[in-house]
Amino acid sequence: MDVEAVRPVARNRPRTSGRPYRVHVRLTSEEWNDIRAAAARAGLKPTAYAGVAAVSAARAVVADSSAGATRAELAAVQREVFAARSALIQAVQVPPGGQDLGLGGAGVVLVGRLDAIAERLHALLKRASS
């Protein structure tokens, strides 16, 4: 019968999770309790939860920022969205004696999605202007 020896782990050995950098944050008792509760719901320790939340928030800000696009580029995309919206509305409307393309409700949903995109572009343009 073969028995493998179990090696004890050194207690003073640095533990790394592939993340070599640290951020130190001061919190109020209320903030700390909120983080602890959210971490428990996510099945994480408070430190891990704070790390995940911070990185997610930072990446969301980068993804939603207009830093990579100029105002002129955003305005050009907005014009393209409006042109696509107009073309879609014309395709959905059936002229008298014309052929129904069968877009009906799907066309309305697509127009709504284009409107949402246009609103986001408008907000980015306002942010880029200020």
Exercise. What distance separates Ile117 CD1 from Gln78 CD, expressed to the nearest 0.5 Å?
Worked result: 12.0 Å

Problem set entry | Pairs involving residues 37-48, ordered by first then second residue, that meet side-chain hydrogen bond (donor to acceptor under 3.5 Å, both in side chains) (sequence neighbours left out) | none

Exercise. Which heavy-atom pair separates Val81 from Leu121 by the least distance, and what is that distance?
Worked result: CG2-CD1, 3.8 Å

Exercise. Residues in side chain to side chain donor-acceptor pair (under 3.5 Å) with Asp34, at least two apart?
Worked result: none

For this session: Mind checking side chain to side chain contact (heavy atoms under 4.5 Å, CB included) for Val23 and listing every partner two or more places apart, or none if nothing turns up?
Result: Val25

Problem set entry | Closest heavy-atom pair and its distance - Tyr49, Leu44 | CA-CD1, 4.0 Å

